[in-house]
Amino acid sequence: MTLELTSAGESHGPALVAIVMGLPAGLRVEHAAIAEDLRRRRQGYGRSPRQQLEEDEVQVLAGLRHRRTLGTPLALVIANRDHANWAWGMSAWPPEGEPSGKGTTSVTLPRPGHADLAGTLKFGHEDARNALERASARSTAIHVAAGAVAEGLLAELGMGVAGRVIEVGGETSEDAWIAATDAARAARDTLGGVVEVVATGVPPGLGSYAEKATRLDARIAGTLMGIQAVKGVELGDGFALARTRGSEAHDEIEPDRRRATNHAGGLEAGVTNGEPVVARAAMKPLPTLMRPLRSVDLVSGEPGEALVERSDVQAVDALAVVAEAAVAWELARAVREKFGGDALVDVRAAHSAYLERIGWHTR
Ligand code: EPS
């Protein structure tokens with residue numbers, strides 16, 4: 001038993017869609033819980049005006065009846081309201097008549113840092129929009145919706161996951177983040193930052209050291225690195241551990257098998273150890289710059305300036321929510337693998353029986 005997600009959707013296409021396989025039957029899914037996470041993702045100082053336009057209203061087309069999962073594929077859809085402005089430019093079959101609206105002329109000046117150049121070369125596109133639309137972080141909305149469902153499953157087993165911003169543009173306090181964002185906007189520049197996700201109530205034994213691909217630390221690092229603009233990930237004290245001695249680095253085991261410290265971030269040998277799972281992700285400054293960097297025109301071969309279009313100054317607040325959803329997803333996947341069960345009651349029974357076997361009490 002595992003949990004799988006397949007998604008599709010372009011940033012300015014009609015919609016984002018996802019199919020989730022592997023949820024147990026009987027899991028309560030509240031529209032309000034998904035809507036709240038989607039609302040949090042849209043918030044944040046320095047986001048694009050696009051966020052005022054999008055409602056990120058989630059629709060469930062399959063797999064849910066009267067608030068409970070059916071144990072069958074769950075189909076989620078979020079419409080892109082901005083698509084109305086791109087109806088011709090992003091159409092599957094161009095409507096009759098002259099091209100109108102946005103996206104009707106080809107993008108040939110790739111932005112350093114975005115998918116424009118690599119995607120164009122890789123797929124043989126003539127218009128970089130064919131690459132950048134899917135590479136856009138717009139797709140994180142559907143992953144947040146799925147993550148909210150995963151968080152619901154984890155909550156049934158007493159687990160909670162929370163993401164927060166810890167740095168924006170190198171600053172560590174909220175006032176300084178706002179000032180740095182204002183300064184970057186005034187300079188027509190962008191910023192990055194760092195977020196942290198903490199998962200609590202996690203039992204020991206999720207994940208496995210049997211193979212690299214089963215290590216939960218590898219999966220969490222992979223899913224965080226898979227989020228747009230993330231360039232660094234650390235678990236627990238991460239890179240700082242490399243600068244300490246073993247006697248300081250490891251978390252001593254108390255009589256109740258808990259730890260007084262958590263340098264490992266709740267993961268040893270790719271397996272949870274019962275302490276909170278702690279992961280951090282570093283986001284690079286966003287690559288769409290209002291004062292563009294040097295580029296080359298892919299048609300003429302002439303030097304030029306990269307594409308300029310509406311974008312965010314920084315989206316670190318959004319990353320905190322997206323990273324939370326991603327970590328929740330991997331934990332839920334590990335839960336499905338460890339406890340199995342077609343119905344939620346089976347999952348709960350397997351979880352309780354396991355905690356009883358190991359004599360584990362959540363602190
Ligand atoms: C993004 C560019 C911007 C962001 C977008 C991600 O898109 P637009 O040019 O349409 O404003 O707003 O993020 C979202 C739309 C979103 O919902 O998070 C990019 O290039 O990755």
Side-chain angles (χ1 to χ4, degrees), residues 6-19 38-39 41-42 46-62 75-146 188 190 228-229 286-293 295-302 304-313 315 318 322:
T6 304
S7 73
E10 279 73 47
S11 180
H12 304 100
L16 303 167
V17 300
I19 295 193
L38 289 171
R39 188 195 64 76
R41 196 198 68 93
R42 279 198 310 281
R47 298 290 335 257
S48 154
R50 171 94 185 260
Q51 300 311 314
Q52 269 101 61
L53 175 64
E54 296 299 342
E55 283 174 357
D56 288 357
E57 173 64 27
V58 72
Q59 266 186 290
V60 177
L61 298 189
L76 304 170
V77 178
I78 297 174
N80 292 321
R81 293 195 69 205
D82 199 20
H83 178 64
N85 301 315
W86 298 72
W88 197 98
M90 289 303 295
S91 57
W93 294 283
E96 297 285 317
E98 288 300 301
S100 63
K102 297 186 184 175
T104 56
T105 51
S106 291
V107 175
T108 58
L109 286 156
R111 291 162 295 176
H114 217 297
D116 309 356
L117 178 59
T120 302
L121 295 175
K122 177 178 168 64
F123 291 102
H125 296 313
E126 287 173 359
D127 180 356
R129 184 157 302 285
N130 289 342
L132 67 90
E133 281 285 332
R134 178 61 185 158
S136 162
R138 172 69 188 149
S139 67
T140 58
I142 202 79
H143 286 102
V144 166
R188 294 153 72 219
T190 60
Q228 288 85 344
L286 301 175
T288 307
L289 300 177
M290 296 304 133
R291 204 173 52 195
L293 298 176
S295 184
V296 62
D297 190 301
L298 298 177
V299 175
S300 68
E302 294 296 318
E305 289 186 339
L307 168 71
V308 177
E309 65 178 21
R310 177 195 64 190
S311 195
D312 314 79
V313 178
V322 174

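Quick note: numbers below take in every heavy atom, side chains included, and nothing from hydrogens, waters or symmetry partners. Computed from a predicted structure; not experimentally measured.
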So, does [X] use its side chain to make a donor-acceptor pair with the main chain of [Y] at under 3.5 Å?
X	Y	value
His83	His12	yes
Ser295	Pro110	yes
Asp82	Ser11	no

Please report the closest heavy-atom contact between [X] and [Y], naming both atoms and the distance.
X	Y	value
Arg310	Pro49	CG-CD, 3.8 Å
Val296	Gly301	CG2-O, 3.5 Å
Ala145	Ile78	CB-CD1, 4.3 Å
Leu293	Pro112	CB-CG, 3.9 Å

Audit row: Ile142, Val144, side chain to side chain contact (heavy atoms under 4.5 Å, CB included) steps and yes/no: CA-CA 5 Å; Ile142 202 79; Val144 166; over 6 Å; no
Please enumerate all residues that pass salt bridge (Lys or Arg N to Asp or Glu O under 4.0 Å) together with Arg129, with sequence neighbours excluded. Glu133, Glu309
By salt bridge (Lys or Arg N to Asp or Glu O under 4.0 Å), which residues pair with Glu305, not counting sequence neighbours?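 Here no residue qualifies.
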Please lay out, stage by stage, how Leu132 and Leu307 fare under the test side chain to side chain contact (heavy atoms under 4.5 Å, CB included). CA-CA 11 Å; Leu132 67 90; Leu307 168 71; 4.1 Å; yes
Point-to-point distance, once rounded to the nearest 0.5 Å, from [atom1] of [X] to [atom2] of [Y]:
X	Y	atom1	atom2	answer
Asp297	Thr108	CG	OG1	3.5 Å
Arg188	Met290	CZ	CE	9.0 Å
Arg47	Gln52	CZ	CD	10.0 Å
Asn130	Ser106	CG	OG	8.0 Å
Asn80	Asn85	CG	CG	11.0 Å
Leu117	Leu109	CG	CG	11.0 Å

Under a 4.5 Å cut-off applied to non-hydrogen side-chain atoms, are Leu76 and Val17 in contact? no
Would you say the side chain of Ser139 lies within less than 4.5 Å of the side chain of Arg134, judging by non-hydrogen atoms?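 A side-chain contact under 4.5 Å exists here.
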Side chain to side chain donor-acceptor pair (under 3.5 Å): which pairs involve residues 113-127, sequence neighbours left out?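 Listed once each, the pairs are Arg111-Asp116.
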Using side chain to side chain contact (heavy atoms under 4.5 Å, CB included), reason through Thr190 and Leu289 one step at a time and then give a plain yes or no. CA-CA 7 Å; Thr190 60; Leu289 300 177; 3.4 Å; yes
Lys/Arg-Asp/Glu bridge criterion (N-O < 4.0 Å) met for Arg81, Glu55: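 Looking at Arg81 and Glu55, the cut-off is met.
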Stepwise side chain to side chain contact (heavy atoms under 4.5 Å, CB included) check, Arg41 with Val322: CA-CA 7 Å; Arg41 196 198 68 93; Val322 174; 3.9 Å; yes
